[in-house]
K.L.:
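Structure provided below as structure tokens; questions to follow.
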Amino acid sequence: MPGKNTLRGSFPQPFGSTIDRRILTGEEESVAYLPGKRYRIWHNDQNVSYNAHRHSALEIILCTGNVYTIVIGEQTFKLHEGDILFIPPDAVHQIISAEPGERFIMLFDMSILEFLDVETDVRDYYSKPHFLSMSLGTHIYPFVYSGLTNIISYYFSGEKLNEISIYTELFKLFALMCDSASRSLEAVNENHTDNYDKFVSILSYIDTNYSEDLALESVANTAGFSKFHFSRLFKQYTGTTFYDYLCSRRIMVAKSMLLKNMPVTDVAFQTGFNNLTTFCRCFKKYTGCSPTQFKNESFGDDKKIIHSGIQTED
């Protein structure tokens, strides 16, 4: 399955967070988000079941080993490796683990959407459970799986500025799934599945080769599309343009390099920009500041990292 090998290994909680207990009052659970955040992700490899409970967070479960059974109201979902389940906020659910396995349990405070125009659409969509599986041939499965693995990677990397990247991936999933649900089956092209498979490979190719000189036309030709058809499909399937996706990927890597105190010029060329001016302009577009400002704000004379108004020793 896509990205399978990236979900193996140890996943300690980032930022030294040690809160690992559940806080229950009757069937109401108070979610222990990361301090100062609106999300929490657990890597669970225990043979533990959880009685019926509810919480205000949206819960997303990605099963990565053996079988995991979830009961939501009168519905029962049996998750095998690679299966994904979205559990609506405030839904009473029970988790049954009959044998040791592995899964990622992701919790997100959905109140953050109150600042967006799409709040009503998203709330309506997530008022019921959604189950995704490669075995069902769901056309958006590869993109949802890839988005969740990206979120997991950002979360457990421990980088101080990954919060933006996590929410960006989450909102992209919302847009993709809501859009897919609103389109009728008659509107789906007969080459639909094949196109999705191609775009999974294209996104993987971009993520691996972002430092190369990737031109839209050459990538389109590699995928077997004209550049105009490719541009339209790329926007349809990812919610963004080819160049915006490529630039955002490069800037994400550039921020990580700058946090390692690498020279701005070196970062520019190592992330695929052919000149410093283009890099600086693109960096400011996606972050609101120049690369030099980003470094100055992250590394002061006292070598402290500043994150969300809180100073912590580097």
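Here, residue 1 is the first one in the sequence, and each next residue gets the next number.
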K.L.:
With S290, which residues qualify under side chain to side chain donor-acceptor pair (under 3.5 Å), at least two apart?
P.N.:
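Counting only residues at least two positions away or on another chain, S290 forms a side chain to side chain donor-acceptor pair (under 3.5 Å) with Q293.
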K.L.:
With sequence neighbours left out, write down each residue that passes side chain to side chain donor-acceptor pair (under 3.5 Å) with Y205, or none if nothing qualifies.
P.N.:
none
K.L.:
Rounded to the nearest 0.5 Å, what separation is found between the OG atom of S218 and the CG atom of N221?
P.N.:
7.0 Å
K.L.:
Can you check whether L79 reaches F131 side chain to side chain, under 4.5 Å on heavy atoms?
P.N.:
yes
K.L.:
For E217, enumerate each residue passing the salt bridge (charged side-chain N to carboxylate O under 4.0 Å, His left out) test, keeping only those at least two apart in sequence or located in another chain.
P.N.:
none
K.L.:
Do other residues, nucleotides or ligands put more than 12 heavy atoms under 6.0 Å from Y243 OH?
P.N.:
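More than 12 within 6.0 Å, yes.
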K.L.:
Using the test side-chain contact (heavy atoms from CB on, under 4.5 Å), find all partners of T278 that sit at least two apart in sequence or belong to another chain.
P.N.:
F273, N274, N275, R281
K.L.:
Please list, chain by chain and in numerical order, all residues satisfying salt bridge (charged side-chain N to carboxylate O under 4.0 Å, His left out) with D244, sequence neighbours excluded.
P.N.:
K285
K.L.:
Are I151 and F108 close enough that some pair of their side-chain heavy atoms sits under 4.5 Å apart?
P.N.:
yes
K.L.:
Show every ring-ring contact (aromatic ring centres under 6.0 Å, His included) that has at least one partner inside residues 60-79, sequence neighbours left out.
P.N.:
none
K.L.:
To the nearest 0.5 Å, what is the distance between OG (S153) and CG (L148)?
P.N.:
11.0 Å
K.L.:
Suppose we screen for ring pair (Phe, Tyr, Trp, His ring centres under 6.0 Å). Which residues come up paired with F283, at least two apart in sequence or across chains?
P.N.:
F279, F294
K.L.:
Would you confirm whether D266, through its side chain, and P263, through its main-chain N or O, come within 3.5 Å as a donor-acceptor pair?
P.N.:
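No, D266 side chain to P263 backbone: no donor-acceptor pair under 3.5 Å.
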K.L.:
Within the 4.5 Å heavy-atom criterion, are L170 and Y39 side-chain neighbours or not?
P.N.:
no
K.L.:
Quick check for you: to the nearest 0.5 Å, what is the distance between C289 atom SG and K295 atom NZ?
P.N.:
12.5 Å
K.L.:
Please evaluate residues I60 and F104 with respect to the criterion side chain to side chain contact (heavy atoms under 4.5 Å, CB included), reporting the C-alpha separation (whole Å), side-chain torsions for both, the decisive distance (0.1 Å), and the verdict.
P.N.:
CA-CA 8 Å; I60 306 173; F104 287 90; over 6 Å; no
K.L.:
Hey, does the side chain of R40 reach the backbone of A32 with a donor-acceptor pair shorter than 3.5 angstrom?
P.N.:
yes
K.L.:
Tell me, please, which residues at least two apart from R249 pass salt bridge (charged side-chain N to carboxylate O under 4.0 Å, His left out).
P.N.:
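Per chain and number, R249 pairs via salt bridge (charged side-chain N to carboxylate O under 4.0 Å, His left out) with D207.
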K.L.:
Can you sort out the partners of F230 under ring pair (Phe, Tyr, Trp, His ring centres under 6.0 Å), two or more places apart, ordered by chain and number?
P.N.:
F199, F234, F242
K.L.:
Side chains of residues 87-96: which donor-acceptor partners sit under 3.5 Å, not counting sequence neighbours?
P.N.:
{"unit_1": "H93", "atom_1": "ND1", "unit_2": "H53", "atom_2": "O", "d": "3.3"}
{"unit_1": "H93", "atom_1": "ND1", "unit_2": "A91", "atom_2": "O", "d": "2.8"}
{"unit_1": "H93", "atom_1": "NE2", "unit_2": "H53", "atom_2": "NE2", "d": "3.2"}
{"unit_1": "H93", "atom_1": "NE2", "unit_2": "E59", "atom_2": "OE1", "d": "3.0"}

K.L.:
Does M262 share a hydrophobic cluster with V253, counting links as ILVMFWY side-chain heavy atoms below 4.5 Å and allowing steps through other members?
P.N.:
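Yes; tracing contacts between hydrophobic side chains, which count when under 4.5 Å, links both residues.
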K.L.:
Which atom names give the shortest non-hydrogen contact between Y141 and I84, and what distance separates them?
P.N.:
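Nearest pair, atom of Y141 first, then I84: CE1-CD1, 3.8 Å.
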K.L.:
Rounded to the nearest 0.5 Å, what separates atom NZ in K255 from atom OG1 in T287?
P.N.:
7.0 Å
K.L.:
List in chain and number order the residues that pass salt bridge (charged side-chain N to carboxylate O under 4.0 Å, His left out) with E27, two or more places apart in sequence or in another chain; answer none if no residue qualifies.
P.N.:
R54
K.L.:
Working to the nearest 0.5 angstrom, can you tell me the gap between N150 CG and S165 OG?
P.N.:
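Nearest 0.5 Å value for the CG-OG distance: 9.5 Å.
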K.L.:
Evaluate the criterion side chain to side chain contact (heavy atoms under 4.5 Å, CB included) for residue pair I41 and I166; output intermediate values, then yes/no.
P.N.:
CA-CA 11 Å; I41 300 177; I166 288 173; 5.7 Å; no
K.L.:
Quick one: pull up CD1 in I72 and CG in L85 and give me the separation to the nearest 0.5 Å.
P.N.:
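If I round to the nearest 0.5 Å, the distance is 4.5 Å.
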K.L.:
Who are the side chain to side chain donor-acceptor pair (under 3.5 Å) partners of N44, not counting sequence neighbours?
P.N.:
Y50, R103
K.L.:
Between Y155 and M106, is the side chain to side chain contact (heavy atoms under 4.5 Å, CB included) condition met? List the steps.
P.N.:
CA-CA 10 Å; Y155 181 90; M106 296 163 257; over 6 Å; no
K.L.:
So does E102 get a backbone contact from the side chain of T64, meaning a donor-acceptor N/O pair under 3.5 Å?
P.N.:
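Confirmed, T64 side chain pairs with E102 backbone.
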K.L.:
Should Y210 and L276 be counted in the same cluster of Ile, Leu, Val, Met, Phe, Trp and Tyr side chains packed under 4.5 Å apart?
P.N.:
yes
K.L.:
Looking at side-chain heavy atoms only, is the closest gap between C282 and R250 below 4.5 Å?
P.N.:
no
K.L.:
Taking the side chain as every heavy atom from C-beta outward, state whether L246 and V219 have any pair of such atoms under 4.5 Å apart.
P.N.:
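When only atoms from C-beta onward are counted, V219 and L246 do not touch, as no gap falls below 4.5 Å.
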